[in-house]
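Atom set for the values below is all heavy atoms of this structure, side chains included, hydrogens, waters and symmetry mates excluded. Predicted model only: the values in this text are computed from it and were never measured. A, B, ... follow the sequence lines: proteins, then strands. Residue 1 opens every chain.
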There are 2 protein chains.
Amino acid sequence: MITQKMKYALKALLTLADEAANGRPEPLTIEEIAKRSGTPKRFLEHILLEVRNAGVIASTRGRAGGYSLIKKPTDISISELLRAIDGPIAPLPCLSRRAYQRCEDCTDEATCRIRKVFAEVFWSYLLIIDSLTLEDMLRSGEAQQQVLGEKG
Amino acid sequence: MITQKMKYALKALLTLADEAANGRPEPLTIEEIAKRSGTPKRFLEHILLEVRNAGVIASTRGRAGGYSLIKKPTDISISELLRAIDGPIAPLPCLSRRAYQRCEDCTDEATCRIRKVFAEVFWSYLLIIDSLTLEDMLRSGEAQQQVLGEKG
DNA sequence: ACAAAGTCGAGAATCAATGTCGACATTTAT
DNA sequence: ATAAATGTCGACATTGATTCTCGACTTTGT
C-alpha cells in the first residue's frame with residue numbers, strides 16, 4: 001500500500017501539472033494546492049518540502065510565492081517519488097540499492113532462498129514501475145480528468 | 001517491504017518443506033521449527049496459526065504433535081501467503097479485490113488518475129507474483145540451499 | 001495422572017503514519 | 001519602514017501496526 005502522504009504528493013503534482021498545462025506560469029500557494037487537491041494544508045507543507053528536495057518542484061518565498069513544477073511530466077518518475085516519500089521500494093532491505101541494509105539475522109545472503117526469489121520478483125516489478133512518469137497519469141485521465149475525482 | 005512475520009512464515013514453510021523432502025512424515029514441533037529457522041518461539045506460535053488458517057499446514061495436538069505441510073509446494077502460493085500474513089497486496093485499498101475499501105475522500109473512482117495508473121501497475125505485478133509458489137523457493141536454492149543461510 | 005504438545009487472549013514495547021502548532025524567515029506592495 | 005502574504009522548520013500529539021512475551025487452558029499419548 002502506498003501511504004496517504006504519497007497520494008497527497010501525487011495529487012499536488014497533478015494539480016501543478018494541470019495548472020501548467022493551462023499555460024499559467026505563476027506558482028500556486030500551498031493553500032491553493034491544498035484546496036484543489038483536498039489535502040490538509042499544514043500536512044501539505046511538509047510534503048511539498050520533501051517533493052522539492054526530490055528536485056521535482058521549486059518554491060518561491062514571500063508574497064506571490066508558491067510552488068511550481070520544474071520538470072516536464074515526462075521526466076518526473078513515479079518510482080523516484082515513491083522512494084522519496086515512502087522510502088525504499090524493495091520487498092527486503094537487502095534488495096534495495098540505495099537503502100541497502102543487511103537483514104539482522106542473515107548469515108549468508110548468497111544462499112538465502114527468500115532473498116533469491118524476491119529478487120527476481122523485484123526486478124520484474126522495477127521494469128514496470130521505473131518506466132512510469134507523471135505524464136502517464138496525466139494522459140490516463142484524458143477526456144474526463146478532473147482533480148475532484150482524485151480526492152482519494 | 002514484507003514484514004518480519006512474513007519472513008518467519010516463509011522460513012517455517014521452508015523448514016517444513018525441507019523436512020518433507022527428506023521423506024519424514026512426522027510433524028515438527030513449534031520448538032523445532034523455531035530452532036531451525038531462527039524464529040522466536042512464542043511469536044512463531046501465532047504465525048503458524050495464521051498459516052494454518054490459510055490452509056497450508058495442519059497441526060496435531062497433544063504428545064508427538066506439531067505442524068506439517070498439507071499441500072505440495074507447487075500448490076502453495078506465495079501471494080496467498082502474503083495476503084494471509086501481511087494483508088492486502090494492492091497499492092491502493094480501492095484496487096484490492098478481497099479487501100476492497102473505498103478511499104475515504106474519493107468522489108469518483110472512475111475518473112481518479114491515481115487509481116487508474118496504479119491499477120495498470122498492479123495488474124502486471126499480480127501476473128508476476130501470483131504465479132510464484134513455495135516450489136520456486138525450494139528450487140532457487142538447489143545445490144547449495146541451507147536453512148541457516150536464511151536466518152534473515 | 002502426567003507430561004508434552006498446540007491454542008488463545010491480553011498486553012508490553014517500539015516504531016511509523018498522519019497530522020497540528022507556533023515561531024521564524026523571506027519577499028513584495030504600499 | 002512597515003505590514004501582509006507567503007514558505008520553512010522543529011516539536012509535539014495521536015493513533016495504529018509491528019513484534020514480540022506471558023499465563024492459562026486444551027488435547028493427546030503413555
Side-chain angles (χ1 to χ4, degrees), chain A residues 1-12 16 26-35 37-54 56-68 70 82 84-88 91-93 99 101 103-105 152, chain B residues 1-12 16 26-35 37-54 57-68 70 82 84-88 91-93 99 101 103-105 151-152:
Chain A
M1 292 274 184
I2 69 178
T3 63
Q4 187 66 34
K5 206 167 153 192
M6 177 68 185
K7 282 198 237 170
Y8 288 153
L10 284 173
K11 291 203 265 185
L16 288 174
E26 299 90 28
L28 287 183
T29 65
I30 295 179
E31 181 140 32
E32 185 62 24
I33 300 173
K35 219 178 286 179
S37 63
T39 303
K41 182 186 160 192
R42 295 310 289 272
F43 194 21
L44 186 57
E45 285 179 16
H46 295 283
I47 297 170
L48 289 176
L49 280 180
E50 289 185 52
V51 177
R52 189 194 64 175
N53 290 341
V56 171
I57 58 181
S59 61
T60 317
R61 296 182 69 155
R63 205 161 194 171
Y67 280 94
S68 32
I70 56 173
L82 253 178
I85 301 293
D86 281 355
L92 296 169
Q101 245 188 313
C103 290
E104 293 225 353
D105 51 350
Chain B
M1 293 275 183
I2 68 178
T3 63
Q4 186 67 33
K5 205 166 153 190
M6 178 66 183
K7 283 197 236 172
Y8 288 151
L10 284 173
K11 290 203 267 186
L16 288 174
E26 300 90 29
L28 287 183
T29 66
I30 295 179
E31 180 139 33
E32 185 62 25
I33 299 174
K35 220 179 285 179
S37 64
T39 303
K41 182 186 160 192
R42 296 310 288 272
F43 194 21
L44 187 57
E45 285 177 15
H46 295 284
I47 297 170
L48 289 176
L49 280 180
E50 290 186 51
V51 176
R52 188 194 64 175
N53 291 340
I57 59 182
S59 60
T60 317
R61 297 182 69 156
R63 203 160 195 173
Y67 281 95
S68 31
I70 56 173
L82 254 178
I85 303 292
D86 282 355
L92 297 169
Q101 247 188 312
C103 289
E104 294 225 350
D105 50 349
K151 283 206 158 180

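OP1 or OP2 of D/dT8 sits under 4.0 Å from a side-chain N or O of A/S59. Residue B/Y8 has a polar side-chain atom (N or O) positioned under 4.0 Å from OP1 or OP2 of D/dC20.
The side chain of B/L49 lies closest to C/dT7, out of C/dT7, D/dT19, D/dT6. Side chain of A/T3, nearest nucleotide from D/dT19, C/dA17, C/dG19: C/dA17. Comparing D/dT19, C/dA5, D/dC9 against the side chain of A/R52 picks out D/dC9 as the nearest.
Going from atom CD of A/Q101 over to atom P of C/dC15 covers 13 Å, rounded to whole Å. Separating the CD atom of B/Q4 from the C1' atom of C/dA16 is a distance of 16 Å, rounded to the nearest angstrom. The separation between A/E31 atom CD and D/dA4 atom C1' is 14 Å, rounded to whole Å. Nucleotide C/dT14 holds its P atom 16 Å from the CZ atom of B/F43, rounded to whole Å.
Residues forming a salt bridge (Lys or Arg N to Asp or Glu O under 4.0 Å) with B/E26 (at least two apart in sequence, or on another chain): none.
Sequence order on DNA chain D of the closest nucleotides to B/P40 and A/K41 puts A/K41 first from the 5' end. If you find the closest nucleotide of DNA chain C to B/G66 and to A/M6, the one lying nearer the 5' end belongs to B/G66. Position along DNA chain C of the nearest nucleotide to A/L44 versus B/L48 favours B/L48 as the more 5'-ward residue.
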Next item on the list: Let me have a per-nucleotide readout for nucleotides 23-30 of chain D, 5' to 3', with B, S or -, counting only protein heavy atoms under 4.0 Å.
Entry: B--BBBBS
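For the pair A/D105 and B/K7, the salt-bridge criterion is not met [side-chain N within less than 4.0 Å of a carboxylate O].
For A/Y8 against A/T39, the heavy-atom pair with the smallest separation is CD2-OG1, 3.4 Å.
Judged by distance alone, with hydrogens and angles left aside, A/H46 brings a side-chain donor or acceptor within reach of the base of C/dT20, the pair sitting under 3.5 Å.
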